Structures are given as C-alpha cells and as structure tokens.
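Report on one structure; see the data block that follows.
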2 protein chains.
Amino acid sequence: MLKKEKIPKVTIQRMAVYLQMLEELEEEGEEVVSSTRLAELCGVNSSQIRKDLAYFGEFGVRGVGYYVRDLIASIKHFLGIQKVWNCAIVGIGNLGRAILRYKDLSKKGYKIVGAFDCDPFKIGERVGDLEIICTRRLKEKAKDLNIKIGIITTPPNRAQRAANHIVEAGIKAIVNFAPTRIQVPDDVIVDYVDFSTHLIYLSFSLSNLGK
Amino acid sequence: MLKKEKIPKVTIQRMAVYLQMLEELEEEGEEVVSSTRLAELCGVNSSQIRKDLAYFGEFGVRGVGYYVRDLIASIKHFLGIQKVWNCAIVGIGNLGRAILRYKDLSKKGYKIVGAFDCDPFKIGERVGDLEIICTRRLKEKAKDLNIKIGIITTPPNRAQRAANHIVEAGIKAIVNFAPTRIQVPDDVIVDYVDFSTHLIYLSFSLSNLGK
DNA sequence: ATTTTTTTGTGAATTTTTTCTCAAATGGAG
DNA sequence: CTCCATTTGAGAAAAAATTCACAAAAAAAT
Ligand SMILES: NC(=O)c1ccc[n+]([C@@H]2O[C@H](COP(=O)([O-])OP(=O)(O)OC[C@H]3O[C@@H](n4cnc5c(N)ncnc54)[C@H](O)[C@@H]3O)[C@@H](O)[C@H]2O)c1
Ligand SMILES: NC(=O)c1ccc[n+]([C@@H]2O[C@H](COP(=O)([O-])OP(=O)(O)OC[C@H]3O[C@@H](n4cnc5c(N)ncnc54)[C@H](O)[C@@H]3O)[C@@H](O)[C@H]2O)c1
C-alpha cells in the first residue's frame, strides 16, 4: 500500500491539517466529504489533497468522495498516531508548564509522562500529575517510562545541553521550542517550533503589503 | 534594491533562522562569516543562503564573506523588524500567560501591549504589567495601543470568534495557536502555530525509520 | 437500461525551489 | 605587481512540488 517513494515533509504537515478538519467535520455529523470541499476548508487546491493521499493509498470512492470516519482512521494509522506516544518535557518554566497543563494533547495521542528540570529549587515540585525530576535522571527514566519524544523548553543557551541529555537517553525525536539550532546525531530527528519565525513572517508581510 | 519578484514564504522562514544564528555568532565575537559556514550551522546548502539573500540585494564581499553586524542590520531592516511591533493576546489561559511572561519577545521586536479574555472572572486580573481586558473592548484598545498583530490562544472552538474580534478591530495579521483553521477577509494574513503538527511529523518519521 | 452528474486517481504540464557551476571580485602572499 | 586562494552573485540545470486535465468509476436521474 505505502509506496517506497520519499514522502515530503509538507505533505505530512498538510495531512495533520486535513486530519484536524476531518475531525471537525465528524463532530458536526458529516459522513462524507469531497476533496473539493475539504480543500476549500483547508485553503488548498483539491488535487493537492488527492496527491497527498495518493502517497499512502486509495481511500476515496469515485462519484462519492471520502467517508470521514474511515479517512480519519486511515490517516491516523499511516501517520502512526493510532497509539499513544510518551513524551518528556525538559525545562519546566513558563512554556513547559503551559504544555504540561495542555489537556488536549492526550486526545491527540501524546502523553507527557516526564517533567525534567535542572533547577534544584524546582526538583520535587508537583505540576499536575507529575513531579519534576532532575534532568540527570532522564536516561534512567526514559527507559522505565518508554519515552519516545523529547520536548525542549529550556532557555536557548541551555537547549544544546538539554538535547545532549535527551540523545544520551536514547530518545530519537526532539521538538525544540528554544530559538536556537541544536546538533544531534544523524539518527535523531529534530523539529523546531519557533514562535518568532511566525511573527517575523507576519511583520514582513505587513511591511510589504501591495508590493 | 528589493526586486519586485514574489518572495517565497520558506525564504522568510529561513531568513529568521539565519538571523538567529548570526546573532549567536555576533555574541561570540565573530565579525565575518561565509555562506558556507553559515549554511553548515543552519543545516542548509550554501547557495540556498546566497539565493535567499539575493531576493533583497547584495550584502557580501567576494573573497571575504558577510560582515556579521552589517548583515544582521540589513536582514532586520528588510524583514521589517528594526522597529517594535505591538501585539495583543486573545485568550489568557495556560498558553496565553506563558507568552505574556515570555521576556525575550521584546528583544526580538515584539511587544505584547494588550491581554484580552471573555471570562468575567479573569477580566481585571493583572498578569505581569498588563490587566486582562474584555475582548469586546479590543476594537477600542487596538487603536489606542496601535496594535498590529493579534495572537489567538483561545480554545479551538472559540478561535473563530476571537478572529472576528481581531478583524473587527482593524488588525491585519494574526498568529493562531488554536488547532483549527479560521476564516478571515483576504487582506488579513493568518499564520498557524500548531504544536501537534510538529509532533505528528515526529511520530510519522519514527514510525517509518529506514523505510 | 441508458444517460447524466459527480468525483476520484493519476499521468502530463507547469511552476517553484533547490542545487550546480563558474566568471568576477577581493585580499593576501610572494 | 602578479599570482593564488577565497568566496560571492547569478545563470543554467536539476529536482521537487503543485496544478491541470481527463479517463474511469460510481451513483442519481430519466
Ligand atoms: N514562554 C513562551 O511563551 C515561549 C514562547 C516561545 C518560545 N519560548 C522559548 O521556550 C523556552 C522556554 O521559555 P520559558 O518562558 O518557559 O523560559 P523559563 O525561563 O520560564 O523556563 C526555562 C526552564 O528551563 C530550566 N532549565 C534551564 N536549563 C536547563 C537544563 N539544562 N535542563 C533542564 N532544565 C533547564 C530552567 O530551570 C527553567 O525552569 C525559551 O527558549 C523560550 O525562548 C517560550
Ligand atoms: N497549553 C499549551 O501548551 C498549548 C500548546 C499548543 C497549543 N495550544 C492551544 O492554545 C489554545 C489555548 O490553550 P490553553 O491551554 O491556554 O487553554 P486555556 O483553556 O487554558 O485558555 C483559554 C483561554 O481562552 C479564553 N477564551 C475563551 N473564549 C474566548 C473568547 N471568545 N475571547 C477571548 N478569550 C476567550 C478562556 O477564558 C481561557 O482563559 C488552545 O486552542 C490550545 O489547543 C495550547
């Protein structure tokens, strides 16, 4: 079913958007949706959607469209989010706490099972269901808790150190919220969430309206 | 100097990364950097950097490279971030508060000047320097405070309503943290910051390692 | 039963983005 | 002053992504 062809990152990102919209449609009781309708809702071209889906297989019915429920299940399946992914947060400051309290994450298949910080005054403190643990114990905990994804929310000048701990712990995927690039071995995947990049895009666009 | 050609969004996004790295280099006392070196640090191809910069003009010296200080200034200038942009946050929950307390934002040229929520129990409460104001007063405040960017951190089912208030207030740029698409007039720019999209990319990559 | 309408899936065409190449410029060494 | 080592800027080539266009399939209408 899955073709061997490399699937572009943008396709995966759009897939996440389609999934979001499909879940909204399901909630509204829609049973079937056409690529044209979904495209409108997501702000893309309809053949974009069909091409994206074609990387993974055939999911539609000609003359009808896609069954919302089934398509959601298929997408979750091939994106690898039918099951729950255990995550650890490193750096329990403003943003780390916000993410710890972000309830909808678990609905989306991600569970924060470890909260790590290096500040002795924070270690032992409880946030929600979790106790803040010393970053040095990440390696030991990663195995016990089956942690697959590390989330960095330390200040930028500490991000590399946090990354080193995560890599040391054998975790192969990192989301980095600190606005700095980190160096990791080739077999570790890093994705950056950079708020200021988005703001910069907006300021640039505002500055160049009509040009 | 600035060519009339449309500048791709990815170029602007990479520009933000170059800027980040250049500022780190400046802090370390580096005065000159070659596109090759910068490319290595940012994890891109060196001609990518030269092509990206070419959209805006010529900034390098052949045989030498780029003067870090000057290049930073040039980039800030053409991205429109030499000046400060006033922003409003709509939805003062976990994430909204984290952003309000995010001090480095102002260093990057963005100032949160208004905090809005619709919950009567929150209105009047102080967070940092700001008092939480009723969302209905956004329009009036947007003018007084010269707000140019709206940041949505409401629950997803309230994001459209928040967007409507922002549009009503005459603000032309929105960052939406809620995991849902919003509808706005053509002259309003929306950029989405979606945490789960990043997590999905990682789970997909982990699920397909070596395929 | 046949025609019409709808909508998918996919090759082909187009557009966009990235990478390759190299002449031209610069500074330093001899 | 000439030669050599660097490195930019930009045209050409290659690769990737998007959009077009339409046959094939399914359902609805006649
Ligand atoms: N606050 C926001 O809304 C926001 C938004 C976007 C990006 N960011 C980025 O996210 C990061 C965190 O921001 P914040 O506002 O939460 O900062 P913060 O200072 O409130 O929190 C940082 C936390 O990291 C901990 N820490 C430092 N070094 C560590 C290490 N080596 N190992 C483990 N923990 C360590 C600190 O003890 C602190 O608790 C920053 O890089 C910031 O630029 C923040
Ligand atoms: N918490 C996180 O770390 C995190 C991470 C990524 C994305 N998000 C997204 O960000 C959004 C906010 O998350 P949160 O955890 O802060 O939620 P939250 O429930 O803590 O906060 C939401 C706030 O929005 C306010 N609100 C509701 N409707 C409003 C309206 N019409 N106008 C103004 N304010 C309104 C509520 O009163 C509340 O204060 C959600 O959409 C969430 O999916 C959160």
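Computed from a prediction, not measured in an experiment: that's the story for all the values here. Order of the sequence lines sets the chain letters (A, B, ...), proteins ahead of strands, with each chain counted from 1.
A cation-pi contact, defined as under 6.0 Å to the ring centre and within 45° of the axis, links A/Arg181 to A/Tyr192.
Sparse packing is recorded around OH of A/Tyr67, with 12 or fewer heavy atoms of other residues, nucleotides or ligands lying under 6.0 Å away.
Aromatic ring centres of A/Phe59 and A/Tyr66: separated by at least 6.0 Å. For B/Phe78 and B/Tyr55, the ring centers sit 6.0 Å or farther from each other.
Per the geometry, CZ belonging to B/Arg50 stands 7 Å off C1' belonging to D/dT7, to the nearest Å. Straight-line distance from the CD atom of A/Glu40 to the P atom of D/dT19: 15 Å, rounded to whole Å. The nearest whole Å value for the distance from the CG atom in A/Leu38 to the P atom in C/dG9 is 13 Å. For B/Gln13 and C/dT17, the CD to P distance is 11 Å, given to the nearest whole Å. Here D/dT19 presents its C1' atom at 13 Å from CD1 of A/Ile49, a figure rounded to the nearest Å.
Every residue was checked against the ring pair (Phe, Tyr, Trp, His ring centres under 6.0 Å) condition with B/Tyr201, not counting sequence neighbours, and none meets it.
In this structure, B/Ser47 reaches the bases: a heavy-atom distance under 4.0 Å links it to at least one base atom across the strands shown.
The residue among A/Val61 and A/Val44 whose nearest nucleotide of DNA chain D lies closer to the 5′ end is A/Val44.
Contact check on B/Asp144 versus B/Arg137 returns no salt bridge, with no Lys/Arg side-chain nitrogen under 4.0 Å from an Asp/Glu carboxylate oxygen.
Judged by Watson-Crick or G-U wobble contacts below 3.5 Å, the nucleotide D/dT30 has C/dA1 as its partner.
Near DNA chain C, meaning a heavy atom under 4.0 Å away, the residues from residues 63-71 of chain A are A/Gly63, A/Val64, A/Gly65, A/Tyr66.
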### Query
Just by protein heavy atoms under 4.0 Å, how would nucleotides 13-18 of chain D read 5' to 3' in B, S and -?
----SS
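A/Glu24 and B/Thr180 form a side-chain donor-acceptor contact under 3.5 Å, judged by distance and modelled atom types alone. For the residue pair A/Gln13/B/Asp194, the side-chain donor-acceptor check at 3.5 Å is not satisfied.
Considering only the side chain of A/Arg62, C/dT8 comes nearest among C/dT8, C/dT19, D/dG9.
Taking only side-chain nitrogens and oxygens, B/Ser35 comes nearer than 4.0 Å to OP1 or OP2 of D/dT8.
No donor-acceptor distance shorter than 3.5 angstrom exists from the side chain of B/Tyr18 to the backbone of B/Ala39, with no hydrogens or angles considered.
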